Structure formats: C-alpha cells, structure tokens
> 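Can you read through this structure? Questions will come right after.
Keep in mind it's a predicted model, so treat the numbers as computed, not measured. Counting begins at 1 with the first residue of the sequence.
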Amino acid sequence: MSKMSLSRRAFLAATTTSAVMTFTGAAAAPNTAKVVPRKLSPNEKLNVAAIGAGGKGAGDIMGFQNAGENVVALCDVDLNTLNKRKEKYPNAKTFRDYRKMLDEINKEIDAVIVATPDHVHAPASTMAMSMGKHCFCQKPLTHYVQEARRMRELAKSKKLATQMGNQGSAGDGLRRA
C-alpha cells in the first residue's frame, strides 16, 4: 500500500466539510459558485475591510489588527469617525459608501467586518459574501429569517467563514462554562 501525503490545509478542508455535512444533514451540492475566496497560506495575513468604523466597529478593527491581520479599508458614513480611524490606520483606504468600497477594491479584500447600524447588517454582509468575502457581522445579524437563510446559503455555496459578534458570549469565561 502506498503512503499518501496530505497537507494540513487539505486535512482541515476535508474534515470540516464532512463534519458540516454530517451536522446539517446536507448532501454535497454541485459547485456552482463563480466567486471563490482567495486561497491563503497559513502564514499569510487576511486583508480586512471595515464597514462601520466607529463604536463597536472600532473595537472589532483593533481585534483583527491585534490578531495580525491587515486593515486595508475603512468605511463609515460619519466623516469625523472615518478621519479618527484613518489616523490609527494610515495605510487603509477610506470610503463613505460600502457599495463603492466593495466595487472599487473587491480584489484587495479577503474579509469584512460589518459593525453598522442594525438595518445595514444584512445588506452589507450579503453583498460582501456574494463577492466571496469572509464576514464578521455584529448582532443582530438580520431582521428577517429569510435574510438569515440567504446568508447561510451564501456562506455554504461560496465556502466562506462567517461569525456573528456576540461580545461576551464568545469570551473564554463563558466558553469554559
């Protein structure tokens, strides 16, 4: 019997996919997605864009930077907030409309943080995910079940990592409990 070589990435992809299929009871769907997230080496950094740069968004951006990721774009409708964040992240491009940001620098972004007023969470996340961007979105994720289902379908079809921010709920203390 010949010995097969399996990379860490291939192992994780295979086990995660089978675990998700088992957990959800989903059958393997044909690969119909045209947009595929950029493949990163485990040593590469993500290029992250923030949609909503004030309040909770400021903390989320700092969290990604502290994790070693690149903050490449900032978007906020409030010019004062945008200018404050630009001082902290001088290399990041700035935008006041997330749609324009995603259109203009789509290929430079791997993931987005969505920390806007609640009514923008689902539209901004859905647009980014439809372009193949991983997404960290603050709560509430959506206002309607249909929006949540659409986001779930997008994440699955495009093989995206997604997470909803729950502040303390994701902390070590509560996870241990």
Side-chain angles (χ1 to χ4, degrees), residues 7-17 19-20 29 31-77 81-82 84-116 120-139 141-142 147-167 170:
S7 71
R8 178 176 61 163
R9 174 169 296 195
F11 171 77
L12 288 172
T15 56
T16 303
T17 301
V20 168
N31 185 5
T32 57
K34 299 288 185 213
V35 178
V36 177
R38 180 172 73 104
K39 301 293 185 208
L40 292 172
S41 154
N43 298 324
E44 285 185 84
K45 295 179 178 186
L46 287 174
N47 291 331
V48 181
I51 301 172
K56 189 63 183 138
D60 292 346
I61 296 165
M62 190 183 326
F64 275 85
Q65 184 189 38
N66 290 345
E69 309 306 344
N70 297 321
V71 178
V72 297
L74 303 165
C75 180
D76 202 289
V77 295
T81 299
L82 194 57
K84 280 184 202 173
R85 219 52 66 230
K86 179 68 175 169
E87 288 174 16
K88 189 160 179 127
Y89 307 96
N91 295 328
K93 295 177 182 174
T94 57
F95 298 87
R96 295 189 66 198
D97 184 327
Y98 71 88
R99 297 164 295 194
K100 184 176 178 182
M101 179 186 74
L102 290 171
D103 283 341
E104 285 186 23
I105 62 168
N106 176 17
K107 300 229 186 275
E108 298 172 41
I109 302 169
D110 298 311
V112 296
I113 300 165
V114 179
T116 60
V120 182
H121 287 184
S125 297
T126 301
M127 182 176 182
M129 290 169 64
S130 69
M131 299 171 105
K133 309 306 170 200
H134 303 288
C135 187
F136 179 87
C137 182
Q138 282 299 329
K139 67 179 183 306
L141 186 63
T142 66
E147 291 172 321
R149 288 179 179 151
R150 172 72 179 130
M151 290 172 74
R152 181 189 67 205
E153 291 166 5
L154 271 171
K156 181 180 176 183
S157 70
K158 298 194 181 292
K159 300 179 181 167
L160 299 171
T162 61
Q163 182 177 343
M164 182 177 70
N166 285 311
Q167 287 85 8

> Could you state the interatomic distance from CD1 (Ile113) to CZ (Phe64), rounded to the nearest 0.5 Å?
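Between Ile113 CD1 and Phe64 CZ, I get 5.0 Å after rounding to 0.5 Å.
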> Please indicate whether Lys84 has more than 12 foreign heavy atoms, meaning atoms of other residues, nucleotides or ligands, lying under 6.0 Å from its NZ.
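It does not: Lys84 NZ has 12 such atoms or fewer within range.
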> Only counting residues at least two apart or in another chain, list the ones meeting side-chain hydrogen bond (donor to acceptor under 3.5 Å, both in side chains) with Lys93.
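Checked Lys93 against side-chain hydrogen bond (donor to acceptor under 3.5 Å, both in side chains); matches are Glu108.
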> I would like to know whether Leu102 and Val112 meet side chain to side chain contact (heavy atoms under 4.5 Å, CB included); could you show each step before the answer?
CA-CA 10 Å; Leu102 290 171; Val112 296; 4.2 Å; yes
> Which pair of non-hydrogen atoms, one from Gly165 and one from Gln138, has the smallest distance, and what is that distance?
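Looks like O-OE1, 3.6 Å.
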> Let's go through Tyr89 and Ile61 carefully: what are the C-alpha distance in whole Å and the side-chain angles of both, what is the deciding distance for side chain to side chain contact (heavy atoms under 4.5 Å, CB included) to 0.1 Å, and is it a yes or a no?
CA-CA 10 Å; Tyr89 307 96; Ile61 296 165; 3.4 Å; yes
> Going from NZ on Lys86 to OG1 on Thr81, what distance comes out if it is rounded to the nearest 0.5 angstrom?
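Result: 15.5 Å between the selected atoms.
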> For residues 65-76, which residue pairs qualify under side-chain hydrogen bond (donor to acceptor under 3.5 Å, both in side chains), counting only residues two or more places apart or in two chains?
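Passing the test, one end in residues 65-76: Asn47-Asn70.
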> Heavy atoms, side chains only, cut-off 4.5 Å: are Met129 and Lys158 in contact?
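SC-SC contact between Met129 and Lys158 ruled out.
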> Any non-hydrogen side-chain atom of Phe95 less than 4.5 Å from a side-chain atom of Leu74?
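No, too far: nothing below the 4.5 Å cut-off.
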> Considering non-hydrogen atoms only, spot the tightest contact between Tyr98 and Ala124 and give its length.
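Distance-wise, the nearest heavy atoms are CE1-CA, 3.5 Å.
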> Are side-chain heavy atoms of Ser130 and Leu154 found at a separation under 4.5 Å?
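Answer yes - side chains close enough.
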> In Å, rounded to the nearest 0.5 Å, how long is the span from OG1 of Thr116 to NE2 of His121?
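If I round to the nearest 0.5 Å, the distance is 4.0 Å.
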> Please tell me if the side chains of Thr94 and Cys75 come closer than 4.5 Å, counting only heavy atoms from C-beta onward.
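They are not in side-chain contact.
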> Between Lys56 and Asp60, is the closest basic N to carboxylate O distance under 4.0 Å?
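Looking at Lys56 together with Asp60, the answer is yes, because their closest N to O distance falls below 4.0 Å.
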> Is there a side-chain contact between Val120 and Val114 (heavy atoms, below 4.5 Å)?
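Sidechains of Val114 and Val120: no contact.
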> Answer yes or no: is there a side-chain heavy-atom contact under 4.5 Å between Met151 and Thr142?
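Met151 reaches Thr142 side chain to side chain.
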> Looking only at heavy atoms, what is the nearest atom pair of Ala73 and Ala92, with distance?
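Looking at all heavy atoms of both residues, the shortest contact is N-CB, 3.9 Å.
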> Once rounded to the nearest 0.5 Å, what's the spacing between atom CE of Met101 and atom CD1 of Ile51?
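The CD1 atom of Ile51 is 4.0 Å from CE of Met101, to the nearest 0.5 Å.
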> Measure the shortest side-chain to side-chain distance between Asp110 and Val72 over non-hydrogen atoms and say whether it is less than 4.5 angstrom.
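A side-chain contact is absent here, since even the closest heavy-atom pair is not under 4.5 Å.
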> Locate the shortest heavy-atom distance separating Gly57 from Ala115; write the atom from each residue and the value.
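For Gly57 and Ala115, the tightest heavy-atom pair comes out as CA-CB, 3.4 Å.
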> With rounding to the nearest 0.5 angstrom, report the CG to NZ distance, Leu46 to Lys133.
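Reported to 0.5 Å precision, the distance equals 11.0 Å.
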> With the side chain counted from C-beta on, respond yes when His134 and Ile109 share a heavy-atom pair under 4.5 Å apart, and no when they do not.
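Result no, sub-4.5 Å side-chain heavy-atom pair not found.
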